[in-house]
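Note on naming: letters A, B, ... go to the chains in the order of the sequence lines (proteins, then strands), and numbering restarts at 1 for each one. In what follows, every heavy atom counts, from backbone to side chain, and hydrogens, waters and symmetry copies are set aside. None of these values were measured; they are calculated from a predicted model.
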Amino acid sequence: MKTDEFKTQIYQLLSNIPPGKVTSYGRLARMAGHPGRARMVGSLLKQLPAGSTLPWFRVLTASGKPAFAPGTESFERQRALLAREGVTFSASHKVSAEHWWQQA
DNA sequence: TAATTGACCGGAG
DNA sequence: ACTCCGGCCAATT
């Protein structure tokens with residue numbers, strides 16, 4: 001079980017999330033067969049190569065909100081990208097359950 | 001080499 | 001619904 005395999009798994013899953021859908025760090029980790037490694041998923045997304053086309057913005061915390069503090073640049077960027085796909089936030093910055101990705 | 005730091009999570013209070 | 005806490009473990013100090 002190498003770290004590289006975990007990374008590959010996560011990247012694979014991430015690329016499978018369709019536009020307009022979202023999931024959480026923890027769920028991705030669990031889908032990859034590594035429950036409890038949510039932080040590693042966050043670490044991977046943080047270190048994504050500059051030119052990557054992976055939809056990092058479709059990943060939220062388990063509570064359904066972005067991992068960034070409201071008002072920060074990253075937060076606004078994520079909100080804009082999701083809005084472009086029809087995913088809107090509630091007043092408390094939470095994404096409604098109907099947008100959550102259900103594995104095919 | 002050791003300590004600290006996170007784009008996290010679930011349970012408990 | 002919200003805060004606190006312990007577990008998580010690679011990357012960074």
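- When the C1' atom of dA7(B) is taken as reference, atom CZ of Arg77(A) falls 12 Å away, rounded to whole Å.
- Atom NE2 in His34(A) sits 12.5 Å away from atom CG in Leu28(A) (nearest 0.5 Å).
- Phe68(A) has its CZ atom 13 Å from the C1' atom of dC8(B), to the nearest Å.
- Counting to the nearest Å, the P atom of dG6(B) and the CZ atom of Arg39(A) are 9 Å from each other.
- What separates CE of Met31(A) from P of dC8(B) is a distance of 17 Å, to the nearest Å.
- Atom-to-atom, NZ of Lys7(A) to C1' of dC9(C) comes out at 16 Å; the value is rounded to the nearest Å.
- Remark: Leu82(A) CG to His99(A) NE2 distance equals 9.0 Å, nearest 0.5 Å.
- If you check every strand for non-hydrogen atoms under 4.0 Å, Gln78(A) touches nothing.
- Two residues, Lys94(A) and Gln47(A), neighbour DNA chain C, and the one matched to the more 5' nucleotide by heavy-atom proximity is Lys94(A).
- The residue among Gly36(A) and Ser43(A) whose nearest nucleotide of DNA chain C is located toward the 5' end is Gly36(A).
- For dG10(B), the OP1/OP2 oxygens have a side-chain nitrogen or oxygen of Arg30(A) closer than 4.0 Å.
- Within the nucleic acid shown, Ser24(A) comes within 4.0 Å of sugar-phosphate atoms alone, with no base atom in reach, counting heavy atoms only.
- Between Arg37(A) and Phe6(A), the closest side-chain pair of non-hydrogen atoms falls below 4.5 Å.
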Q) Does the pair Phe75(A) and His93(A) meet the rule for a side chain to side chain contact (heavy atoms under 4.5 Å, CB included), with working shown? A) CA-CA 10 Å; Phe75(A) 179 93; His93(A) 315 122; 3.8 Å; yes
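- Computed from coordinates, the Leu44(A) CG to dA7(B) P distance equals 13 Å when rounded to whole Å.
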Give every donor-acceptor pair under 3.5 Å between a side-chain atom in residues 44-62 of chain A and any protein atom, sequence neighbours left out.
from: Gln47(A); atom 1: NE2; to: Ser43(A); atom 2: OG; distance (Å): 3.0
from: Ser52(A); atom 1: OG; to: Leu54(A); atom 2: N; distance (Å): 3.1
from: Arg58(A); atom 1: NE; to: Glu85(A); atom 2: OE1; distance (Å): 3.1
from: Arg58(A); atom 1: NE; to: Glu85(A); atom 2: OE2; distance (Å): 3.3
from: Arg58(A); atom 1: NH1; to: Ile17(A); atom 2: O; distance (Å): 2.6
from: Arg58(A); atom 1: NH2; to: Glu85(A); atom 2: OE2; distance (Å): 2.6
from: Thr61(A); atom 1: OG1; to: Ser63(A); atom 2: N; distance (Å): 3.4
from: Thr61(A); atom 1: OG1; to: Ser63(A); atom 2: OG; distance (Å): 2.9
from: Thr61(A); atom 1: OG1; to: Lys65(A); atom 2: O; distance (Å): 3.0

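- One cannot find a donor-acceptor pair under 3.5 Å joining the base of dG7(C) and the side-chain atoms of Arg37(A).
- The distance between atom NE2 of His93(A) and atom P of dA1(C), rounded to the nearest whole Å, is 15 Å.
- To the nearest angstrom, P of dC9(C) lies 19 Å from NZ of Lys46(A).
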